[in-house]
Participant: 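What follows is a single structure, and I will ask about it in a moment.
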Amino acid sequence: MLLFTNGCGSNLKSADVVEQQDNSWLTEEEIISTLEDNDIPIDKDTELNSKDYIIGGIEPTIYTFYPENSYDSKLFIYMFNTIDERKEKIEPIFGQWELRDGFSKDYIVKNAYLVLNVPFEDGGSTNMDQWEDMSDEFSQLSSVVFSELNDGKTVVYKGESQHWKGNFTIKYYVHFIKDGTGKLEYDNYEWHSGDVWYKGEDADSVGEININCEHGAGTSEIDGETLDQDRHVSMGSGGSNGALNIEKNATMTVTWNNQVETLVLEPVVKS
């Protein structure tokens, strides 16, 4: 069983720590080689002054992301000594990086902080063709950061009732790494999403749908949704660095048209 909280508290057993412990801190060289091994081209930037982008006393190394493109996208890599140092310096600004105009997406990776920045064209106007061209590259970077650099895992839960079929997915990572003094530092994050499909014959009679889902990361709810053209309802997505129990079945309660059914979703895919 993997059960953890957002600190090394009473819910965490020593066996879990040993199983999940990672004794290595990331280096910039490992990040670069991992990106290159996954066909993400980057070149050392020679245009920007890294001293203009210092955060918490840390000067980044700046790379041009997909240099063959003309978007002038930059990848900023900030390296910290420990997870705790990264949390102290980065958590107050995470998701709010404003050191360069344009669109920015930031990533947490153990003791590193990565920011991908794409400048807007002509004084801030967004070129939609540019975003379409870049979407695959953004997705590729996000996937490599999650699966390769953060050693991310995915669990898919599935189940059915008389009228409904449900899927629930949890993606997560957890790190336990000792610092130079022997202190065990901890970091985790989970992201979850859910989907439900109607199996009955008369989809037009379903009307508004309310769904409550109890799962290993907490509770998710939607109210007043309706079926799309594929007889499907999305529960959306969410995430946190709180408690997580991936062994717990997900339980969906679906209410519609004065009817109620409960689906027990069991883990069927772990990767």
Participant: Enter the distance from Lys165:NZ to His232:NE2 here, rounded to the nearest 0.5 Å.
Facilitator: 10.0 Å
Participant: Decide side chain to side chain donor-acceptor pair (under 3.5 Å) for Thr82 and Asn111; before the verdict, give the C-alpha distance in whole Å, the side-chain angles of both, and the deciding distance to 0.1 Å.
Facilitator: CA-CA 5 Å; Thr82 65; Asn111 55 304; over 6 Å; no
Participant: If you define the side chain from C-beta out and look only at heavy atoms, does anything of Tyr113 sit under 4.5 Å from Ile58?
Facilitator: no
Participant: Distance under 6.0 Å and angle within 45° of the ring axis: does Lys105 meet both against Phe103?
Facilitator: no
Participant: First locate atom NE2 of His175, then atom NZ of Lys110, and finally report the distance between them rounded to the nearest 0.5 Å.
Facilitator: 5.5 Å
Participant: If you group Ile, Leu, Val, Met, Phe, Trp and Tyr by side-chain heavy-atom gaps below 4.5 Å, do Val264 and Val196 land in one group?
Facilitator: no
Participant: State plainly whether one hydrophobic cluster holds both Trp197 and Met235, where clusters connect Ile, Leu, Val, Met, Phe, Trp and Tyr through side-chain heavy atoms under 4.5 angstrom apart.
Facilitator: no
Participant: Give, for atom CD1 of Ile42 and atom CD1 of Ile40, the distance between the pair rounded to the nearest 0.5 Å.
Facilitator: 8.5 Å
Participant: Between atom OG1 of Thr169 and atom NZ of Lys158, what is the distance when rounded to the nearest 0.5 Å?
Facilitator: 8.5 Å
Participant: Ignoring hydrogens and geometry, is there a side-chain-to-backbone donor-acceptor pair from Asp187 to Phe176 under 3.5 Å?
Facilitator: no
Participant: Nearest heavy-atom pair of Arg86 and Ala112: which atoms, and what distance?
Facilitator: CD-O, 3.5 Å
Participant: Evaluate the side-chain proximity of Thr262 to Thr251: yes if any heavy-atom separation is below 4.5 Å, no if none is.
Facilitator: yes
Participant: Is the closest side-chain heavy-atom distance between Asp106 and Phe94 below 4.5 Å?
Facilitator: yes
Participant: Is there a side-chain contact (heavy atoms from CB on, under 4.5 Å) between Ile108 and Tyr173 once you walk through the steps?
Facilitator: CA-CA 11 Å; Ile108 295 297; Tyr173 63 80; 4.0 Å; yes
Participant: Before giving the answer on side-chain contact (heavy atoms from CB on, under 4.5 Å), spell out for Leu244 and Ile170 the whole-Å C-alpha distance, their side-chain angles and the decisive distance to 0.1 Å.
Facilitator: CA-CA 10 Å; Leu244 174 63; Ile170 295 178; 4.1 Å; yes
Participant: Using a 4.5 Å cut-off on heavy atoms from C-beta on, say whether the side chain of Lys153 contacts that of Lys270.
Facilitator: no
Participant: Under 4.0 Å between a Lys/Arg side-chain N and an Asp/Glu carboxylate O for Glu185 and Lys87?
Facilitator: no
Participant: For the pair Thr64 and Lys74, evaluate side-chain contact (heavy atoms from CB on, under 4.5 Å) and give the outcome as yes or no after the intermediate values.
Facilitator: CA-CA 5 Å; Thr64 299; Lys74 304 298 182 184; 3.0 Å; yes
Participant: So, do Leu116 and Phe65 sit near enough that their side-chain heavy atoms are less than 4.5 Å apart?
Facilitator: yes
Participant: Report the distance from atom CG of Asp37 to atom CD1 of Ile32, rounding to the nearest 0.5 Å.
Facilitator: 11.0 Å
Participant: Please confirm whether the backbone N or O of Gln259 pairs with a side-chain atom of Asn257, one donor and one acceptor, at under 3.5 Å?
Facilitator: no
Participant: Any non-hydrogen side-chain atom of Ile211 less than 4.5 Å from a side-chain atom of Glu225?
Facilitator: no
Participant: Restricting to non-hydrogen atoms, name the atom on Asn81 and the atom on Glu85 that form the minimum distance, rounded to 0.1 Å.
Facilitator: N-OE1, 2.8 Å
Participant: Do Ile54 and Tyr78 land in one hydrophobic cluster if side-chain heavy atoms of ILVMFWY residues count as linked below 4.5 Å?
Facilitator: no
Participant: Looking only at non-hydrogen atoms, find the nearest pair between Val115 and Ser104 and report the distance.
Facilitator: CG1-CB, 4.2 Å
Participant: Using modelled atom types only, decide if a donor and an acceptor are shared between the side chain of Glu261 and the backbone of His163 within a distance under 3.5 Å.
Facilitator: yes
Participant: Can you name the closest pair of heavy atoms from Glu28 and Met79 and give their distance?
Facilitator: N-CE, 3.8 Å
Participant: Run the side chain to side chain donor-acceptor pair (under 3.5 Å) test on Tyr157 and Asn249 for me, step by step, so that the C-alpha distance in whole Å, both residues' side-chain angles and the decisive distance to 0.1 Å come before the verdict.
Facilitator: CA-CA 7 Å; Tyr157 304 79; Asn249 291 337; over 6 Å; no
Participant: Kindly compute the distance separating CG (Leu114) from CD1 (Ile31), expressed to the nearest 0.5 Å.
Facilitator: 5.0 Å
Participant: Taking C-beta and beyond as the side chain, do Asn150 and Val145 meet within less than 4.5 Å on heavy atoms?
Facilitator: yes
Participant: For the side chain of Asn212 and the backbone of Thr253, is there at least one donor-acceptor N/O pair under 3.5 Å apart?
Facilitator: no
Participant: Side-chain heavy atoms under 4.5 angstrom apart, residues restricted to Ile, Leu, Val, Met, Phe, Trp, Tyr: same cluster for Tyr186 and Leu184?
Facilitator: yes
Participant: Measure from the side-chain N and O atoms of Gln140 to the backbone N and O of Asn38, and report whether any donor-acceptor pair falls under 3.5 Å.
Facilitator: yes
Participant: Does the pair Leu99 and Ile55 meet the rule for a side-chain contact (heavy atoms from CB on, under 4.5 Å), with working shown?
Facilitator: CA-CA 9 Å; Leu99 297 183; Ile55 296 178; 3.7 Å; yes
Participant: Look at the side chain of Lys44 and the backbone N and O of Thr61, then say whether any donor-acceptor pair between them is shorter than 3.5 Å.
Facilitator: no
Participant: Would you call Trp191 and Phe146 a side-chain contact if the rule is heavy atoms closer than 4.5 Å?
Facilitator: no
Participant: Can you name the closest pair of heavy atoms from Ile83 and Trp25 and give their distance?
Facilitator: N-CZ3, 3.3 Å
Participant: For Lys89, does the NZ atom have more than 12 heavy-atom neighbours from other residues, nucleotides or ligands under 6.0 Å away?
Facilitator: yes
Participant: So which heavy atom on Ser220 is nearest to which on His215, and how close?
Facilitator: OG-NE2, 2.9 Å
Participant: Would you find a donor on one side and an acceptor on the other, under 3.5 Å apart, between the side chain of Thr34 and the backbone of Glu30?
Facilitator: yes
Participant: Parallel, tilted or perpendicular: which describes the rings of Trp97 and Phe76, with under 30° parallel and over 60° perpendicular?
Facilitator: tilted
